[in-house]
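These notes concern the structure reproduced below.
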Amino acid sequence: MGICSINECNLDVHDGYDECILHCSKNGLDFFNIRTDFYNSLEDYVANNSIDGNDFCHFSEIAFPKPDIQSTINYAKILNKLKQIHFDNCHFFTSYIESSDPEFFFQDCIFHESWSVFNAPVLTNVNGVLYQNCIFHKEVSSYSENDGKYVIDSQLFNDCDFKKSIEFGNVEFKSPIFNNTDDIDLNIESFHLIDCILKDKFILNRCNIKLFFLEDTVFESKFEFKQNVVSE
């Protein structure tokens, strides 16, 4: 057995990998067989890396699998004990993170599965967003599951790359969806807003977009859409 190749990690490598159970890729890995080791290692990581009385934790380069919500060793229970969470260069092989009310910040993260955007308080950061410089390889979406609209309070994206679609249906946005850097060119495969309400400004500039689709959506503030290349 060797030591994990990730800087400053002293855990043993996982079988067949150069990284430990926390940092190794979860693509194709049978999480059922490793969930106990992952849970215990993540618990130790939090204990060793938390500050401010175990209220805040900075997760660096960890690859998160789909949480086992039916199990007593669901790692979401560890996250929900924290009040502030910074995911930095982390990989997500799951479509969601089960949460109660921690403050979140996703920085330079890569999402390998379709991702469900959830309403969460934002951990203080320079751009005031939930997701900064992240890459989404599959669909990003949020839909109301009830008769009323699903409310998202937080500002969402800064300079993110969307390989597939962004789709929001029956959602009320209290803050801007995008807060992008002015001189950055971005790519969005497709963007859909259906039956949504945007309370704050909508600014989306300098993007290459294959499909831009709006239906039954109300913009109650500024709408700015310029220097974009849109195919449809």
Side-chain angles (χ1 to χ4, degrees), residues 55-56 59 64 66-67 69 74 76-77 79-87 90 92 94-107 109 111 113-136 138-162 164-181 186 188-205 207 209 211-225:
D55 287 341
F56 171 81
F59 295 99
F64 289 89
K66 183 177 180 179
I69 60 175
N74 175 14
K77 295 179 180 179
L79 302 181
N80 283 327
K81 293 178 181 179
L82 299 166
K83 292 184 179 179
Q84 297 178 316
I85 299 175
H86 181 186
F87 295 110
C90 290
F92 293 90
T94 174
S95 294
Y96 61 93
I97 288 290
E98 194 181 19
S99 67
S100 52
D101 59 355
E103 295 179 358
F104 287 95
F105 178 42
F106 298 85
Q107 181 181 17
C109 293
F111 298 82
E113 301 295 330
S114 58
W115 183 254
S116 296
V117 175
F118 56 96
N119 186 41
V122 174
L123 180 65
T124 301
N125 61 85
V126 171
N127 293 298
V129 294
L130 196 56
Y131 306 94
Q132 177 179 296
N133 294 112
C134 294
I135 298 174
F136 298 90
K138 295 188 178 180
E139 294 78 12
V140 176
S141 65
S142 186
Y143 293 91
S144 174
E145 297 180 354
N146 304 308
D147 293 335
K149 283 183 167 40
Y150 183 65
V151 176
I152 295 180
D153 297 299
S154 304
Q155 195 167 217
L156 293 179
F157 306 112
N158 167 255
D159 298 349
C160 293
D161 189 7
F162 301 90
K164 296 294 184 181
S165 64
I166 310 173
E167 299 183 4
F168 293 108
N170 202 23
V171 176
E172 179 178 311
F173 297 93
K174 295 289 186 69
S175 300
I177 298 174
F178 300 101
N179 180 22
N180 293 328
T181 305
L186 299 171
I188 299 175
E189 179 75 11
S190 67
F191 181 82
H192 296 71
L193 287 180
I194 303 171
D195 197 25
C196 292
I197 297 175
L198 287 80
K199 294 288 189 179
D200 210 323
K201 60 189 176 183
F202 178 86
I203 298 177
L204 184 61
N205 301 325
C207 284
I209 307 172
L211 174 63
F212 187 77
F213 183 86
L214 306 177
E215 180 179 305
D216 298 330
T217 291
V218 178
F219 297 87
E220 296 187 352
S221 187
K222 179 179 181 179
F223 181 94
E224 184 173 298
F225 190 79

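Computed from a predicted model, the values in this text were never measured in an experiment.
- For H86, the ring-ring contact (aromatic ring centres under 6.0 Å, His included) criterion is met by H58, F105, not counting sequence neighbours.
- When atom types are taken as modelled, the side chain of S114 and the backbone of S95 share no donor-acceptor pair closer than 3.5 angstrom.
- With hydrogens and angles left out, the side-chain atoms of E167 and S165 include a donor and acceptor closer than 3.5 Å.
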Residue pair F106, N125: steps toward the side-chain contact (heavy atoms from CB on, under 4.5 Å) verdict: CA-CA 10 Å; F106 298 85; N125 61 85; over 6 Å; no

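- Closest approach of L130 to P121, counting heavy atoms only: CD1-O, 4.3 Å.
- The closest donor-acceptor contact from the side chain of D159 to the backbone of N180 lies at 3.5 Å or more, if one exists at all.
- Taking OG of S221 as the reference point, atom CD1 of I203 lies at 8.5 Å (rounded to 0.5 Å).
- Counted within 6.0 Å of NZ on K77, heavy atoms from surrounding residues, nucleotides or ligands total more than 12; the atom is thus considered enclosed.
- Taken from CG in L204 to CD1 in I177, the straight-line distance is 9.0 Å, to the nearest 0.5 Å.
- Annotation for I197 and E220: closest pair CG2-OE2, 3.8 Å, computed over non-hydrogen atoms.
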Ring pair (Phe, Tyr, Trp, His ring centres under 6.0 Å) evaluation trace for F173 with F202: CA-CA 10 Å; F173 297 93; F202 178 86; 9.0 Å; no

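- Rounding to the nearest 0.5 angstrom, the gap separating the CG atom in D195 from the OH atom in Y143 is 11.5 Å.
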Stepwise side-chain contact (heavy atoms from CB on, under 4.5 Å) test for S190 and F213: CA-CA 8 Å; S190 67; F213 183 86; over 6 Å; no

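- Of the possible polar contacts, none joining the N146 side chain to the G148 backbone as a donor-acceptor pair under 3.5 Å is found.
- Not one N or O on the side chain of D55 forms a donor-acceptor pair closer than 3.5 Å with the backbone of K83.
- Rounding to the nearest 0.5 angstrom, the gap separating the OG1 atom in T181 from the CG atom in N133 is 7.0 Å.
- Between I166 and I188, the shortest heavy-atom distance links the atoms CD1-CG2, 3.9 Å.
- Between L186 and C160, the closest heavy-atom pair is CD2-O, 3.9 Å.
- Atom CD of E113 and atom OG1 of T94 lie 8.0 Å apart (nearest 0.5 Å).
- Here the rule is side chain to side chain contact (heavy atoms under 4.5 Å, CB included) with L198, and of V171, V218, T217 only T217 fits it.
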Stepwise ring pair (Phe, Tyr, Trp, His ring centres under 6.0 Å) check, F191 with F178: CA-CA 12 Å; F191 181 82; F178 300 101; 5.8 Å; yes

Test side-chain contact (heavy atoms from CB on, under 4.5 Å) applied to E224 and N205, step by step: CA-CA 7 Å; E224 184 173 298; N205 301 325; 2.7 Å; yes

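- Shown here for S175 and Q155, the closest heavy-atom pair between the two residues is CB-N, 3.5 Å.
- Of the possible donor and acceptor atoms, one in the side chain of Y150 sits under 3.5 Å from a partner among the backbone N and O of N119.
- The ring-ring contact (aromatic ring centres under 6.0 Å, His included) test applied to F59 returns Y45, F64, F87, not counting sequence neighbours.
- Side chain of S142 to backbone of V117: a donor-acceptor contact under 3.5 angstrom is found.
- With 3.5 Å as the limit, one finds no donor-acceptor pair spanning the side chains of N158 and N179.
- Of all heavy-atom pairs between K174 and V151, the closest is CG-CG1, 3.9 Å.
- Using cut-offs of 30° and 60° for the angle between ring planes, the F111 and F136 rings count as parallel.
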Stepwise side-chain contact (heavy atoms from CB on, under 4.5 Å) test for F219 and K201: CA-CA 8 Å; F219 297 87; K201 60 189 176 183; over 6 Å; no

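- Atoms CG and CG, on L193 and D216 in that order, are 11.5 Å from each other to the nearest 0.5 Å.
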